[in-house]
Amino acid sequence: MNIILLGPPGAGKGTQAKGLAQKLNIPHVSTGDLLRQNVAGQTELGREAKNYMEKGTLVPDELVTRIVEQRLLQPDIKKGFILDGYPRNTSQARSLDRILGKIGTSVNLVMDLDTSEPVIIQRLTGRLVCKKCGANFHIKNMPPKKDMACDYCLGKLYQRSDDNEATIRTRLEVYRKEVSSLIDYYRQKNLLKPVVADGEAEVVLKEMVKLVEQINDSLKV
Ligand code: AP5
């Protein structure tokens with residue numbers, strides 16, 4: 001099953017993608033994570049991307065598409081994937097179709113995680129991320145068991161540099177500018193399913209699993 005997660009910053013794309021990936025045993029591909037790895041590794045691509053990410057604007061399509069293509073051509077993608085953070089506009093959506101066409105597959109389901117602005121701000125200003133394994137926590141909603149240490153690998157937790165209120169607002173503006181044409185793109189292909197994502201993480205995940213099962217059943221018919 002090839003799944004795309006859409007939704008504003010803080011909708012829970014990363015959190016839910018990790019849960020779904022575990023349940024479905026398919027890889028989670030996050031362009032944000034791939035870009036941050038490049039920034040941390042000080043690669044040429046990372047150096048180019050860093051400025052855009054810190055401002056909360058989009059990294060140029062050509063750069064992001066290059067890392068997505070490299071990742072989607074890996075053999076583990078054959079069993080399916082959950083794509084989080086890509087595409088962000090219709091040009092990226094068309095590039096994705098082209099890449100998937102190359103490997104003889106296509107998108108099966110696009111879930112749009114709908115979240116309200118106060119929830120987004122609360123979630124992002126309190127988010128903590130593990131430096132070692134990338135797991136997500138939240139100071140209040142999902143606190144780590146030990147202070148500033150990851151529950152899974154004991155890695156150090158940090159706050160993302162783009163999780164301050166000013167940058168979050170820029171990210172939201174950028175998202176809103178592009179999202180309606182992207183939603184139309186997938187609605188026309190009959191792939192779009194909205195998910196109410198303001199609720200508790202486990203409740204949202206259950207709803208998403210239900211949608212995946214429905215699509216799975218329809219693919220078998
Ligand atoms: P990216 O890393 O993709 O950031 P984003 O889209 O802004 O999304 P977030 O990671 O902030 O939010 P999320 O929806 O994953 O929420 P999460 O699950 O972490 O991109 C960063 C930057 O990279 C972009 O700004 C851009 O510059 C660049 N970039 C990336 N992709 C690009 C592309 N395709 N093209 C161009 N540029 C690109 O949850 C947030 C918090 O809430 C966590 O603390 C979590 O614990 C908590 N939480 C989650 N769900 C719940 C819940 N149900 N209840 C309570 N708390 C919850």
Side-chain angles (χ1 to χ4, degrees), residues 4-21 28-39 45-46 48-69 71-72 82-93 95-96 99 111-116 118-130 134-144 150-151 157-164 166-179 182 195-208:
I4 293 175
L5 300 189
L6 299 183
K13 301 180 295 295
T15 303
Q16 299 302 345
K18 286 185 179 74
L20 259 190
H28 164 209
V29 177
S30 154
T31 45
D33 289 350
L34 291 171
L35 288 167
R36 278 183 290 278
Q37 280 161 20
N38 275 276
V39 172
L45 193 147
E48 275 193 63
K50 189 172 185 233
N51 231 342
Y52 298 97
M53 296 175 77
E54 279 179 354
K55 279 189 287 189
T57 55
L58 290 186
V59 173
D61 289 350
E62 183 266 318
L63 287 187
V64 187
T65 298
R66 209 192 310 156
I67 54 167
V68 169
E69 179 154 13
R71 181 64 189 91
L72 293 183
I82 300 165
L83 197 45
D84 148 21
Y86 189 95
R88 302 235 180 188
N89 53 37
T90 48
S91 155
Q92 293 185 6
S95 297
L96 177 63
I99 297 166
M111 288 189 269
D112 178 28
L113 275 60
D114 185 19
T115 322
S116 61
V119 171
I120 289 170
I121 305 286
Q122 191 270 352
R123 283 185 185 171
L124 292 183
T125 49
R127 169 164 58 187
L128 298 170
V129 184
C130 174
N136 267 331
F137 297 87
H138 188 278
I139 291 170
K140 284 196 186 133
N141 306 351
M142 300 176 190
C150 176
D151 288 3
L157 302 184
Y158 76 103
Q159 211 173 5
R160 267 171 51 177
S161 60
D162 58 350
D163 277 350
N164 60 78
T167 314
I168 294 168
R169 293 210 184 272
T170 307
R171 283 156 64 199
L172 268 171
E173 262 172 48
V174 170
Y175 170 79
R176 288 190 184 121
K177 202 170 135 227
E178 302 286 355
V179 69
L182 192 55
V195 176
V196 178
D198 267 357
E200 277 179 34
E202 278 154 35
V203 177
V204 179
L205 181 61
K206 258 193 197 156
E207 178 63 27
M208 292 170 76

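Residues take their numbers from the sequence shown, with the count starting at 1. Both counts, for ligands and for their atoms, begin at 1 and track the order of listing. Values in this document were obtained by computation on a predicted structure and should not be read as measured data.
Atoms NZ and CG, from K13 and N136 in turn, are 10.5 Å apart once rounded to the nearest 0.5 Å.
Taking distance alone, with nitrogen or oxygen atoms compared against 3.5 Å, Q16 stays at or beyond that limit from ligand 1. Considering both main-chain and side-chain atoms, V64 never comes within under 3.5 Å of ligand 1 through any nitrogen or oxygen pair. Checking only distances, V204 never comes within under 3.5 Å of ligand 1, N or O to N or O.
The proximity of P8 to ligand 1, defined as any non-hydrogen pair under 4.0 Å, is limited to the backbone. With a heavy-atom cut-off of 4.0 Å, L58 touches ligand 1 through backbone and side chain alike. Residue-level proximity to ligand 1 for F137 is carried by the backbone, the only part with a heavy atom below 4.0 angstrom.
The two residues V196 and V204 have their closest heavy-atom pair at O-CG2, 3.9 Å. Of all heavy-atom pairs spanning L6 and P87, the tightest one is CD2-O, 3.8 Å. Closest approach of P144 to L157, counting heavy atoms only: CG-CD1, 3.5 Å. Taking every heavy atom of both residues into account, G85 and T31 meet most closely at O-OG1, 3.0 Å. The nearest pair of heavy atoms linking D61 to S91 is OD2-OG, 3.2 Å.
The closest donor-acceptor contact from the side chain of D33 to the backbone of V29 lies at 3.5 Å or more, if one exists at all. No donor-acceptor distance shorter than 3.5 angstrom exists from the side chain of D84 to the backbone of H28, with no hydrogens or angles considered. One N or O on the side chain of R171 and one on the backbone of D162 form a donor-acceptor pair closer than 3.5 Å.
Taking all heavy atoms of N51, L34, D84, L35 into account, the minimum distance to atom 38 (C) of ligand 1 is reached by L35. Residue R88 holds the heavy atom nearest to atom 1 (P) of ligand 1 of all those in K13, R88, M142. Across R36, K50, R127, K18, heavy-atom proximity to atom 9 (P) of ligand 1 is greatest for R127. Scanning A17, G12, G199 for the heavy atom closest to atom 53 (N) of ligand 1 points to G199.
Remark: K18 NZ is packed, more than 12 non-hydrogen atoms of other residues, nucleotides or ligands lying under 6.0 Å away.
Of all the atoms in ligand 1, the ones that sit under 4.0 Å from a non-hydrogen atom of Q92 are 33 (C), 34 (N), 35 (N), 36 (C). Below 4.0 Å from some heavy atom of N136 lie the following atoms of ligand 1, by number and element: 17 (P), 18 (O), 19 (O). For ligand 1 and E200, the ligand atoms under 4.0 Å from any heavy atom of the residue are 53 (N). Near G85, the atoms of ligand 1 lying under 4.0 angstrom from a non-hydrogen atom of the residue are 31 (N), 32 (C), 33 (C), 34 (N). Each of the following atoms of ligand 1 lies closer than 4.0 Å to a heavy atom of L124: 11 (O), 40 (C).
Scanning the protein heavy atoms around atom 31 (N) of ligand 1, the nearest turns out to be T31 OG1, 2.8 Å. In terms of protein heavy atoms, atom 15 (O) of ligand 1 is closest to G14 N, 2.8 Å. The protein heavy atom nearest to atom 39 (O) of ligand 1 is T15 OG1, 3.6 Å. Looking only at protein heavy atoms, the nearest one to atom 12 (O) of ligand 1 is G10 N, 2.9 Å. Nearest to atom 26 (C) of ligand 1 among the protein's heavy atoms is T57 O, 3.5 Å. Scanning the protein for heavy atoms near atom 23 (O) of ligand 1, the closest one is M53 CE, 3.5 Å. The nearest protein atom to atom 4 (O) of ligand 1, hydrogens excluded, is given as R160 NH2, 3.2 Å; this is a heavy-atom distance. In terms of protein heavy atoms, atom 56 (N) of ligand 1 is closest to N141 ND2, 3.0 Å.
With respect to the salt-bridge test (charged N to carboxylate O, under 4.0 angstrom), the residues K206 and E202 do not qualify. Salt-bridge check for R123 with D163: failed, with every basic side-chain N at 4.0 Å or more from each acidic carboxylate O.
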Considering only distance and modelled atom types, tabulate donor-acceptor pairs under 3.5 Å from the side chains of residues 52-59, sequence neighbours left out.
unit_1 : atom_1 : unit_2 : atom_2 : d
T57    : OG1    : Y52    : O      : 3.3

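Between P60 and ligand 1 there is no heavy-atom distance shorter than 4.0 Å. In this structure, A11 has a heavy atom closer than 4.0 Å to ligand 1.
A side-chain contact (heavy atoms from CB on, under 4.5 Å) with F137 holds for exactly one of V129, D151, T15; it is D151.
With sequence neighbours excluded, no residue forms a side-chain hydrogen bond (donor to acceptor under 3.5 Å, both in side chains) with Q37.
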